[in-house]
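All remarks here apply to the structure that follows.
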Amino acid sequence: MNEQQFIQNALQKSIEQELIARRLELGETRPGQLGEQLCPEKPPKAELGDWACPCFPLAKIFREAPPKLAVALAERLRTELPGWEIEPIGAYLNFRLPRDVVARSVMEQIALEQADFGRNEELKGRKVMIEFSSPNTNKPLHLGHLRNNVLGESISRIVAAGGAELNKVNIINDRGVHICKSMLAYQHFGRKEGPEGPFWETPESRGCKGDRLVGDYYVRFNDWVKEGGKSEEAENPEQLALKMLKEWEDGRPEVRELWQKMRKWVLDGIAQTYIRCGISFDRLYFESETYKLGQELVAEGLERGIFQRREDGAIFIDLSDCKLDQKVVQRSDGTSVYITQDLGTAVARHRDFPFDCQIYVVGNEQDYHFKVLFRILHLFGYPWSEQLQHLSYGMVVLPEGKMKSREGTVVDADDLLDRLEELALDGLRERGRLQEGQDSKENGAENSENSEVGLNTARSIALGALHFYLLQFNPRREISFDPKESLAFTGNTGSYLQYVGARIYSILRKAGAEVEANADRLAKYDPETWSLLAGGASDHAESSANSPEWELLKQLREYPKAVSLAAAELNPSHVVKALAEVARRFSRFYHDVPILSSEEPLLSVRLDLCRATLQVLRNGMELCVIPFLESM
RNA sequence: GCGUCCAUAGCUCAGCUGGAUAGAGUACCGGACUUCGAAUCCGUAGGUCGCAGGUUCGAAUCCUGCUGGGCGCGCCA
């Protein structure tokens, strides 16, 4: 039973007693409903208490003003909840927890569970498949993918923390006219003149990542179209692309060979970006493999009357009855469209991993696509089709508007990460943080700025800043990305979490103390020590009502709730926010309360509070794909 | 035009599904490093919750209308 229910139960009893004392009848209301109507909530200000409950709903039954009721109920609750402070203020009943008990229970729980603190079993036994990233093999990843990637990875970790069995998958869109476009451009413009004669350009010859190279040819194709597209075939490039797609589906060797080569360039390049971002997949699906199954399904659907054939041969589904209009599922020339492969992919995936639920992390510009997809799978009668979910996240827009690949306003993922790493390195340099034992001795040479350790730290800071930034908003919300302001390391950022972690590490190092919390040690403290900790025993504890220690402890207790809420809503921002709040409250505690210079037993128990905070930060940062740093 | 999502401090966003004086960060201004890491902390200021109605003890939150925006409405993906 959680605390909220605990309070509700006590309320329920008190209300019943009060009713009896007043000889009032319940009338239509079930006895059990009374407590449920009163929902304990967080007061707007910490001074008011730890929990609060408005008495408005009871006014009718008791035929008395809520403030008077609150006073009467408070009296009864005091005997119901010994140790708690209960205070009626206006129409509200305010509750204050017995602090020594709470402090001890949170810290013991953290010490016992350690890396598992925050995990729960709400999704135990559920098999969840999650699709995210979904790159095209004709260009590198951009800012939009970065949001998608970190959302997918973070939600995966959060859902796994809920006990679900998880399968992370990526559908690689390596088939279609857009792929043919970059291939065509390469065929026409990829022949270069070198000192030793002509050659076909490769990532090595240009000295860049393969995804970048192919992406440039994709852009080149669009320029070609604008130029009027002169080619020896005297057809325009768009037509050539469709023709090439047909040849690809027919398996023409030259086309397949070029496709294999360019596809690998992009896949290798994108794989590097994934590694850099700390995200991974259990399995890759390729549209080039699943589209055939999609075509089989189209044939089956046609036979079963789910789809219809038009005079020109195109196959479509009529969904005008549910306002989804008509949708073509196979072109008149027999080639597949986007949704064809998604049908095949869904079926293939359920064969590979019989999921209870599948989450598609895909941008909201595809809301219509997924409505149609889910509808079709429903009409096919797959039972699992009822458990498909589209996590429709908002776009990332720049101050000047939407990113457009053709206009070169796309923010390239690798470029952005490079820029962030440079800024992080500048930050380390300014703070003189590139020396001080950050270098390995075997490196011997010098504490140079280019040391491996310094670069790794900068990478972690950059990634932390980016991921914190991208996860702090509601996923469904469109976010505007201003490079100048968004790439900050001060204020509410990933670096803030890392900084607090590093400071805790530092203080534990200085104390010569171990880093892990230890439940046996905690068991030795007496109740008075716990009261000293929670109540704020610092010299200037003029208001022990809400000491920094108590505020911190309460926030540590909030962390598991944030994780389960994030899992329920598929919204990692709850975890990010809970962590930022932990960091803020720790900073205040750290600032206001001396730790190393305090005397026993306060020294020990305060160090234990540091350890508990550290553990929560680490656990949460792991879920948000924000690297933890022992020093920065 | 149709569908769909959105509108809260100068800016970027919260607001726990109807409750107390609407909160953070950032920017601005003012304080705090001889003391555990100043990528920090503290304080001041900043709002007619787009507009107008409605529902009720009570609305940023629910309903209707209006205004202004995003996205979608391809045999692109």
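The model shown is predicted, which means the values in this text are computed figures rather than measured ones. The chains referred to below are lettered A, B, ... by the order of the sequence lines, with proteins before strands, and numbering in each begins at 1.
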query: So, does R175(A) use its side chain to make a donor-acceptor pair with the main chain of Q341(A) at under 3.5 Å?
result: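 Looks like no, no N/O pair under 3.5 Å.
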
Rounding to a whole Å, what distance do you find between [X]:[atom1] and [N]:[atom2]?
X       : N      : atom1 : atom2 : value
K181(A) : C76(B) : NZ    : P     : 9 Å
K577(A) : C16(B) : NZ    : C1'   : 11 Å
L565(A) : U17(B) : CG    : C1'   : 11 Å
F473(A) : U12(B) : CZ    : P     : 10 Å
Y590(A) : U35(B) : OH    : P     : 11 Å
N138(A) : A77(B) : CG    : C1'   : 9 Å
R611(A) : C36(B) : CZ    : P     : 20 Å
R584(A) : A24(B) : CZ    : C1'   : 7 Å

Contact class for [X] (heavy atom, under 4.0 Å): base, sugar-phosphate, or nothing?
X       : result
Q498(A) : nothing
S506(A) : base
A580(A) : nothing
A52(A)  : base
R476(A) : nothing
T335(A) : nothing
R175(A) : sugar-phosphate
I315(A) : nothing
S332(A) : base
Y338(A) : base
Y496(A) : sugar-phosphate

message: Quick check with a 6.0 Å cut-off and a 45 degree axis cone: is R503(A) positioned over the face of Y590(A)'s six-membered ring?
response: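 The answer is yes; both the distance and angle limits are met.
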
Among [options], which nucleotide has an atom closest to any side-chain atom of [X]?
X       : options                : result
N492(A) : G37(B), A39(B), G25(B) : G25(B)
K510(A) : C36(B), C41(B), C71(B) : C36(B)
V337(A) : A39(B), G37(B), A77(B) : A77(B)

- request: Determine the minimum heavy-atom distance between C624(A) and L471(A), stating which atoms define it.
  value: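 Reported closest heavy-atom pair: O-CD1, 3.5 Å.
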
For [N], does either OP1 or OP2 sit under 4.0 Å from a side-chain N or O belonging to [X]?
X       : N      : value
R477(A) : A14(B) : yes
R606(A) : C36(B) : no
R331(A) : A77(B) : yes
Y368(A) : G72(B) : no

For [X], does the [atom1] atom sit with more than 12 other heavy atoms under 6.0 Å from it, leaving out its own atoms?
X       : atom1 : result
K561(A) : NZ    : yes
E599(A) : CD    : no
R584(A) : CZ    : yes

field: Who pairs with G18(B) - Watson-Crick or G-U, where each distance is under 3.5 Å
entry: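 WC or wobble partner does not exist here.
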
message: Any strand counts, and the cut-off is 3.5 Å on both contacts for Watson-Crick or G-U wobble. Which nucleotide pairs with U44(B)?
response: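 Base-paired to nothing in any strand shown.
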
query: Is the glycosidic torsion of U26(B) within 90° of 0, making it syn, or is it anti?
result: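 Base orientation relative to the sugar is anti.
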
- request: Assign C33(B) to syn or anti; the rule is syn for a glycosidic angle within 90° of 0 and anti otherwise.
  value: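 Syn conformation for C33(B).
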
- prompt: When only distance counts, do a donor and an acceptor, one from the side chain of D426(A) and one from the base of A39(B), lie under 3.5 Å apart?
  reply: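 No, no donor-acceptor pair under 3.5 Å.
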
- prompt: Of D367(A) and N474(A), whose nearest nucleotide on RNA chain B comes first from the 5' end?
  reply: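 Whichever sits nearer the 5' end wins; that is D367(A).
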
message: On RNA chain B, compare the nucleotides closest to W51(A) and R588(A); which residue's is nearer the 5' end?
response: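 Checking each residue's closest nucleotide, the 5'-ward one belongs to W51(A).
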
query: Are the ring centres of F481(A) and Y469(A) closer than 6.0 Å?
result: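 Yes, they do, as the ring centres are separated by less than 6.0 Å.
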
